[in-house]
Structure formats: C-alpha cells, structure tokens
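Okay, so here's the structure we're looking at.
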Amino acid sequence: MNLHDCVFAALDRFRMEVPSWGFANTGTRFGKFIQAAAATCLEEKFADAGEVNRLTGAAPTIALHVLWDVAGGVQDAAEINRLEAKFGVKTGSINPNLFQDQAYKFGSIANPSAEIRRQALEHLLESVEIAAALGAKDISIWDADGSNYPGTQSMRRRIEWTEAAMARVHGALRPQQRMLIEYKPFEPHFYHMDIGDWGMALSLAYKAGPQAKVLVDTGHHYQGQNIEQVVAWLLHLEMLGGFHFNDRKYADDDLTIGSIDPYQIFRIFHEILSDETGAAANVAFMIDQSHNLKGKMEAMVQTVATAQEIYARAALVDHEQLAELQDKCDLVNAEELFRNCFWTDVRPTVREWRESKRLPPDPLAELARSGYVEDAAKNRGPRNTGLMATYA
Ligand code: LRH
Ligand code: MN
C-alpha cells in the first residue's frame with residue numbers, strides 16, 4: 001500500500017478518547033495555576049470535548065470520573081444524554097474515584113476496615129450502574145491503595161481484599177461491559193501500591209473473569225521499563241483492554257503525548273498495528289493528562305493531532321517485509337525499515353486526509369482562529385478566578 005493510502009486508512013479508524021479532567025483546572029501538590037478558560041462544570045467539559053472533536057474528527061468520546069462528573073449518580077444520566085446530543089460526543093469510559101474520600105486514608109477496596117471496603121465496593125458497583133445507564137462499555141478502575149512504610153500493612157491480605165472486590169464488580173457487569181484494571185508502581189503511596197505493575201493487574205483480571213482486561217497508563221512504569229514489550233505480552237494473552245496515553249520524563253508527569261519521547265508512542269502503536277490475532281481490535285485509546293501549564297484546549301487538540309501523526313507513521317511499517325528481515329536477523333535493515341517509517345513526515349498527507357473529511361487542515365491554527373478559548377475565558381473567567389488553591 002502506498003504512503004497516501006496507508007495514512008488515510010490509518011486515520012479513518014484512529015479514535016482517541018479525551019478525559020473530562022483534562023479540561024478543568026488541575027495542579028500539582030505545589031499549587032494550581034488557574035486558567036480563566038478552563039471548564040468549571042460538566043456542560044463546559046462536554047463543550048470542550050465537542051470542540052476538540054469538531055477540530056480533529058478523531059475524539060468522539062469523553063471519559064468521565066464519577067465523583068468529578070456524575071456526582072448525582074444514575075439520575076444524572078438524562079442530563080448527560082442531553083449534553084451528548086448537544087455537543088455531539090458520547091460518554092466513553094466511566095472512572096470510579098477510589099482515592100479522595102477521607103475514609104480511604106489506609107485504602108479503599110483493600111482497607112483493613114471491612115466497613116470501608118464495603119463503602120468502596122458500593123462506589124464501584126454504582127459506577128457499573130452509571131455506565132449501564134449511559135450505555136458506556138468500559139468501567140476503568142484505578143485504585144490508589146497501598147502503603148508508605150514497610151511492615152505497616154499486610155500485602156497478602158490486601159491482595160485477597162482486592163481480588164474480592166474485583167470479583168464483585170465483574171459479577172455486576174452487563175454482557176457488553178468490560179472492567180479495565182489500571183496499575184501504577186507508586187504515588188500516592190511510596191512503599192507499595194496494591195496494583196503495582198502489569199503482572200498484578202493481569203492476575204487480578206484473570207481471577208475476576210472474562211470481561212476484565214488490563215489498562216496500560218504510559219506514565220505508570222519504572223524508568224527504563226520496556227512498555228511496548230508489556231503491550232506485546234498483553235496482546236499475546238488477549239488481555240489488553242486499553243491505554244491512558246501521556247508522556248513523561250521522570251514519573252507520572254502526565255505531559256502531552258510525544259512531548260518527551262515520540263518514538264515511545266510509535267513503538268507502542270507498532271505493537272498494536274502489527275498484531276495479527278485480532279486482539280488489538282478492542283483496545284481503547286484514551287488520553288490521561290493534566291494540563292497544568294499549557295492551555296487546556298490547545299494541549300488537548302495538540303495531543304490528538306500528534307497521536308494521529310505518530311499512529312499514521314506506525315501504519316507505514318510493512319509488517320511482512322519487517323518480519324522477513326527480523327527472522328533473517330538482518331538487524332540494520334530491519335531497524336532502518338522501522339526507523340524510516342518513524343522519520344517519514346506524514347504531516348502533508350495527514351492535512352490531505354483532514355481536508356478530505358472537510359476538517360480544518362491544521363486544527364491548532366483553527367482553534368486559535370476560532371476565538372473559542374477567548375470566548376470561554378470571558379464566560380468562565382469569573383467562576384475560575386476564585387479558585388486559588390495552596391498545598392498547605
Ligand atoms: C492515576 C490516573 C488514573 C486516573 C487519574 C486521573 O494516576 O492515571 O487513571 O484516575 O490518573
Ligand atoms: Mn491513568
């Protein structure tokens with residue numbers, strides 16, 4: 001297939017889910033720099049997601065975090081359906097909040113207190129009901145549980161409590177639903193996290209049942225860890241449910257895709273695109289970033305556009321030719337074939353694809369030209385200005 005057709009075919013199927021929390025004012029523990037144009041409510045998060053989809057044609061769903069976006073529970077479904085219709089984006093994954101409640105100081109589903117474990121499980125089961133009410137397929141579970149000091153918690157008992165909760169959630173799933181289990185090696189706990197790596201998430205998913213899969217957040221790995229190898233394994237085991245894409249230099253920095261290591265994302269997309277088993281068919285692509293310094297809309301549009309470009313480059317790899325060189329151990333020619341695809345400038349063809357879809361050829365330039373952010377700042381500024389937050 002020639003470059004044009006490769007890129008067009010790749011972009012025709014490429015879709016990336018945006019996180020509602022990427023549009024709101026967020027910060028680090030050292031502070032939050034308020035943006036006047038940031039979304040202050042669910043309607044504005046849907047409006048922003050709608051605008052990102054209008055500009056890129058590749059972001060038709062928005063991930064919701066239950067306590068941040070659906071605080072009213074199932075009864076909010078009608079209002080969310082109204083917002084979906086008004087802004088032309090559907091609810092994507094439903095993300096429970098198992099980390100902000102005071103009760104969760106020593107854990108949520110793995111807390112030594114049976115009462116607190118029951119409370120956390122209640123929230124997870126309600127998240128499944130919210131997803132069912134909204135027709136959302138994925139319940140994306142990240143629990144921040146763990147400990148900060150050796151000897152202070154039983155990691156073995158916490159495994160059993162975590163397994164028990166996951167089994168209950170799986171039991172409540174509708175036939176078309178999935179539970180995605182996200183792992184993270186550290187933060188907010190710094191001695192152990194109950195779901196600390198892909199192996200722990202994988203065994204929890206296996207134990208929970210066939211509708212449980214593993215979610216790979218690219219920011220949740222140790223320095224130097226080969227993330228695309230984790231992806232290859234999870235595809236091989238047909239246990240890869242989805243991604244939270246972002247970039248990082250050090251830890252879970254939640255920086256924008258490709259800003260630090262674009263070749264990393266290319267290598268991950270290659271594992272997805274070279275999968276011949278069909279296991280990659282239902283892998284959800286989602287963004288999980290917090291835009292503390294960049295303009296929120298600019299960062300989100302830039303992220304989707306960058307992901308489109310890197311995905312299109314990975315789609316250029318001739319898998320048959322590469323496999324031949326790999327199996328002949330023709331290292332240099334295999335690497336050259338692989339690298340050249342990464343270095344191929346697909347941007348002119350990506351612009352052509354956008355024009356062929358009556359989309360703005362340069363979504364970032366169109367965002368700037370549209371005045372969307374300035375209008376948002378005017379309307380939302382007064383509600384944002386009062387929001388100064390300090391760490392201590
Ligand atoms: C945890 C995480 C998780 C979300 C949160 C916003 O670091 O990646 O996926 O709940 O970020
Ligand atoms: Mn994440």
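Each ligand, and each atom within it, is numbered from 1 in the order the structure gives.
The ligand atoms of ligand 1 that sit less than 4.0 angstrom from a heavy atom of D217 are 8 (O). When each atom of ligand 1 is checked for a heavy atom of H65 under 4.0 Å away, the hits are 4 (C), 10 (O). Within ligand 1, counting atoms from 1 as listed, the ones closer than 4.0 Å to a heavy atom of H244 are 9 (O). Contact atoms of ligand 1 toward D252: 7 (O) (distance under 4.0 Å to a heavy atom of the residue). Using a 4.0 Å cut-off to heavy atoms of W21, the atoms of ligand 1 that qualify are 6 (C).
The N, O or S atom of E182 with the smallest distance to the Mn ion (ligand 2) is OE2. Closest to the Mn ion (ligand 2) among the N, O or S atoms of H244 is ND1.
Taking a cutoff of 4.0 Å between a charged side-chain nitrogen and a carboxylate oxygen, D362 and R354 do not qualify as a salt bridge. Under 4.0 Å is where a charged nitrogen must lie from a carboxylate oxygen, and between D375 and K378 at least one such pair does. Using a 4.0 Å cut-off between a side-chain N of Lys or Arg and a carboxylate O of Asp or Glu, D252 and K184 qualify as a salt bridge. A salt bridge links R174 with E129: the distance from a Lys NZ or Arg NE/NH1/NH2 to an Asp or Glu carboxylate oxygen falls below 4.0 Å.
Checking L215, I141, T218, D288 against atom 5 (C) of ligand 1, the nearest heavy atom belongs to D288.
In this structure, F285 and F245 have perpendicular ring planes: the angle between them is above 60°, well past the 30° mark. Note: F269 and Y311 have perpendicular aromatic rings, judged against thresholds of 30 and 60 degrees for the angle between ring planes. Ring geometry, F266 versus F342: the interplanar angle exceeds 60°, so the pair is classed perpendicular (tilted spans 30 to 60°).
Distances from ligand 1 to the non-hydrogen atoms of E187 include no value under 4.0 Å.
Here the protein heavy atom with the shortest distance to atom 9 (O) of ligand 1 is E182 OE1, 2.7 Å.
Going from atom CG of N246 over to atom OG1 of T218 covers 3.5 Å, rounded to the nearest 0.5 Å.
Any N or O atom pair closer than 3.5 Å counts here, and K184 shares at least one such pair with ligand 1.
Neither the backbone nor the side chain of N95 comes within contact range of ligand 1; no heavy atom lies under 4.0 Å.
Rounding to 10 degrees, one finds that the Mn ion (ligand 2) sits at the corner of an angle of 100° between D217 OD2 and D288 OD2.
Both tests hold for R267 against Y263: distance to the six-membered ring centre under 6.0 Å, angle to the ring axis within 45°.
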